[in-house]
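Structure, as structure tokens:
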There are 2 protein chains.
Amino acid sequence: MLSNKAKYALRALGYLAGKYPGGPVQIAEIAEQQKIPLKFLETILLELRKADILLSKKGKGGGYTLERDPKQISVASVIRAIDGPISMLPCVSLYFYKKCDDCDETHCSLNRVFTDVRDATIKVLEKKTVRDLI
Amino acid sequence: MLSNKAKYALRALGYLAGKYPGGPVQIAEIAEQQKIPLKFLETILLELRKADILLSKKGKGGGYTLERDPKQISVASVIRAIDGPISMLPCVSLYFYKKCDDCDETHCSLNRVFTDVRDATIKVLEKKTVRDLI
DNA sequence: TAATACTCTACTAATTTGGTAGGATAATAA
DNA sequence: TTATTATCCTACCAAATTAGTAGAGTATTA
Ligand code: FES
Ligand code: FES
């Protein structure tokens, strides 16, 4: 399951995609329109900026904009930025790989099975973009 | 991510599949062979029995056996029994559906996107069986 | 009737999730 | 230059979930 945080992130990005290209949008506007708790959204958008998904501008007339065209931002990259791994096991993760202590990867049936699952899931998630979230 | 519990469940089932068909296998043997904490495995196997994935027999010569041929037990059904939903959003779950309060499903882009993700993931997970975990 | 092996409920500690609080910092404009 | 606006950042907190453990109960068999 996606965390609530990731769901908020995707909703916020969808909202920004709907206004792309255009001037900065303030957190308060996104929070209100998408019914996301303001302070929570602050931390979320900050994380998305640090993941190079958003650009920010401070002060009057400031706010957030997408770092690039919505079509160039995959849903997969957003989930990774907020929730971390997409795979169902650490030992099959592409971006968050972690070896299994008690298990030899080359002979592990679980590893094989969940590699296939990962490939199917990620194929879809990499193709879907923030443009699809408008 | 799968919980540790689900991972243990799949490993235990893989072990039982390797001995299928055959007499009952005791929890202690599975725990030792697969390096799973005994008392934890007890609760896991109990859940699998309640989900009609395992059969149990008490007393001397007792233990657990698969309820049916390993090829007839999908990995998806095991995950559902232990971790619950496979989908990334409650509102796209087939077996654990939960409506989104703040969101109209018929016009929701998140819903559309994660329905596609669910379909791709589940297609693989329904095809994989405990036979593949030997 | 004693030994074996699953059954069941309840409990606990550690981690993660879903936030909130409050001040710091940067940009703009009067 | 100072007030205002809006993001930045760290730290904190409560509730939920996860990963087990404890211990007594029940059924089966020899
Ligand atoms: S489960 Fe990760 S290598 Fe076996
Ligand atoms: S996110 Fe569930 S219906 Fe929109």
Side-chain angles (χ1 to χ4, degrees), chain A residues 1-12 16 23-32 34-67 79 81-85 88-90 96 98 101-102, chain B residues 1-12 16 23-32 34-67 79 81-85 88-90 96 98 101-102:
Chain A
M1 283 273 170
L2 281 188
S3 69
N4 229 329
K5 197 171 169 184
K7 195 173 142 185
Y8 287 155
L10 292 168
R11 282 233 282 251
L16 288 171
V25 181
Q26 290 146 31
I27 301 178
E29 177 184 335
I30 305 173
E32 192 179 356
Q34 298 293 318
K35 281 159 192 154
I36 302 169
L38 178 74
K39 288 300 275 179
F40 196 22
L41 185 57
E42 268 186 36
T43 68
I44 294 168
L45 298 187
L46 204 52
E47 283 183 54
L48 291 174
R49 197 212 53 175
K50 285 176 180 170
D52 296 314
I53 290 170
L54 290 178
L55 292 175
S56 67
K57 209 186 159 209
K58 284 183 179 178
K60 176 142 201 179
Y64 279 100
T65 46
L66 296 177
E67 194 273 339
I79 295 176
I82 300 297
D83 278 354
M88 299 188 88
L89 288 177
F96 299 87
K98 182 99 199 306
D101 308 322
D102 47 358
Chain B
M1 283 275 172
L2 281 189
S3 68
N4 231 329
K5 197 171 171 184
K7 195 172 142 187
Y8 288 154
L10 293 168
R11 283 232 282 250
L16 288 171
V25 182
Q26 289 146 33
I27 301 177
E29 178 183 336
I30 306 173
E32 193 179 356
Q34 297 294 317
K35 281 159 193 157
I36 302 170
L38 179 73
K39 288 299 277 179
F40 196 21
L41 185 57
E42 272 186 31
T43 68
I44 293 167
L45 298 186
L46 203 51
E47 285 183 54
L48 291 174
R49 199 212 52 176
K50 287 179 179 170
D52 296 314
I53 289 169
L54 291 178
L55 291 175
S56 67
K57 210 186 158 210
K58 284 184 178 176
K60 177 142 199 180
Y64 280 99
T65 45
L66 296 179
E67 195 273 337
I79 295 176
I82 300 296
D83 277 356
M88 300 188 87
L89 288 178
F96 299 87
K98 182 99 197 306
D101 308 320
D102 47 357

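Nothing here was measured: the structure is a model prediction, and the numbers come from that model.
Between K50(A) and dC9(D), a side-chain N or O to OP1/OP2 separation shorter than 4.0 Å is present. Between K58(A) and dA24(C) there is no side-chain N or O to OP1 or OP2 distance below 4.0 Å. Contact annotation: R49(B) side-chain N/O to dT7(C) OP1/OP2 distance is under 4.0 Å. Put simply, S56(A) has a side-chain N or O that comes within less than 4.0 Å of OP1 or OP2 on dC8(D). For Y64(B), a side-chain nitrogen or oxygen approaches OP1 or OP2 of dT7(C) to under 4.0 Å. Listed pair Y8(A) / dG19(C) meets the phosphate criterion, a side-chain N or O lying under 4.0 Å from OP1 or OP2. K60(A) has no side-chain polar atom (N or O) that falls below the 4.0 Å cut-off from OP1 or OP2 of dA26(C).
Whole-Å rounding puts the N4(A) CG to dA16(D) P distance at 13 Å. Atom CD in Q26(A) sits about 15 Å away from atom C1' in dC8(D), given to the nearest Å. Atom CZ of F96(B) is separated from atom P of dT17(D) by 14 Å (rounded to the nearest Å). A straight line from CD1 of I44(B) to P of dC8(C) spans 16 Å, rounded to a whole angstrom. Here dT17(C) presents its P atom at 11 Å from CD of E47(A), a figure rounded to the nearest Å. As a whole-Å value, the separation of L41(A) CG from dA6(D) P is 15 Å. The distance from atom CE of M1(A) to atom C1' of dT18(D) is 16 Å, rounded to the nearest whole Å. Distance F40(A) CZ to dG18(C) C1': 5 Å, rounded to the nearest Å.
Checking each of I82(B), L48(B), L16(B) against I53(B) for a side chain to side chain contact (heavy atoms under 4.5 Å, CB included) leaves exactly one that passes, namely L48(B).
Contact annotation for K7(A): no contact, since no heavy-atom pair falls under 4.0 Å across all strands. Nucleic acid contact class of I27(A) (heavy atoms, under 4.0 Å, all strands): sugar-phosphate only.
Taking a 6.0 Å sphere around CD of E32(B), one finds it holds 12 or fewer heavy atoms contributed by other residues, nucleotides or ligands.
In the set dC8(D), dT21(D), dG18(C), the nucleotide with an atom closest to the side chain of L46(A) is dC8(D). With distances taken from any side-chain atom of P37(B) to the nucleotides dT21(D), dC8(D), dT28(D), the minimum falls on dT21(D).
R11(A) has its side chain within reach of D102(B): a pair of non-hydrogen atoms, C-beta onward, lies under 4.5 Å apart. Contact annotation: the side chain of M88(B) approaches that of I79(A) to within less than 4.5 Å [non-hydrogen atoms, C-beta and beyond]. Between F40(A) and K5(A), the closest side-chain pair of non-hydrogen atoms falls below 4.5 Å.
Position along DNA chain C of the nearest nucleotide to G59(A) versus K5(A) favours K5(A) as the more 5'-ward residue. Comparing K39(B) and K39(A), the nucleotide of DNA chain C nearest to each residue sits closer to the 5' end for K39(B).
Residue E42(A) places a side-chain atom within donor-acceptor reach of the base of dC8(D), judged by atom type and a 3.5 Å distance cut-off alone.
In this structure, K39(A) pairs ionically with E42(A), as a charged nitrogen and a carboxylate oxygen lie closer than 4.0 Å.
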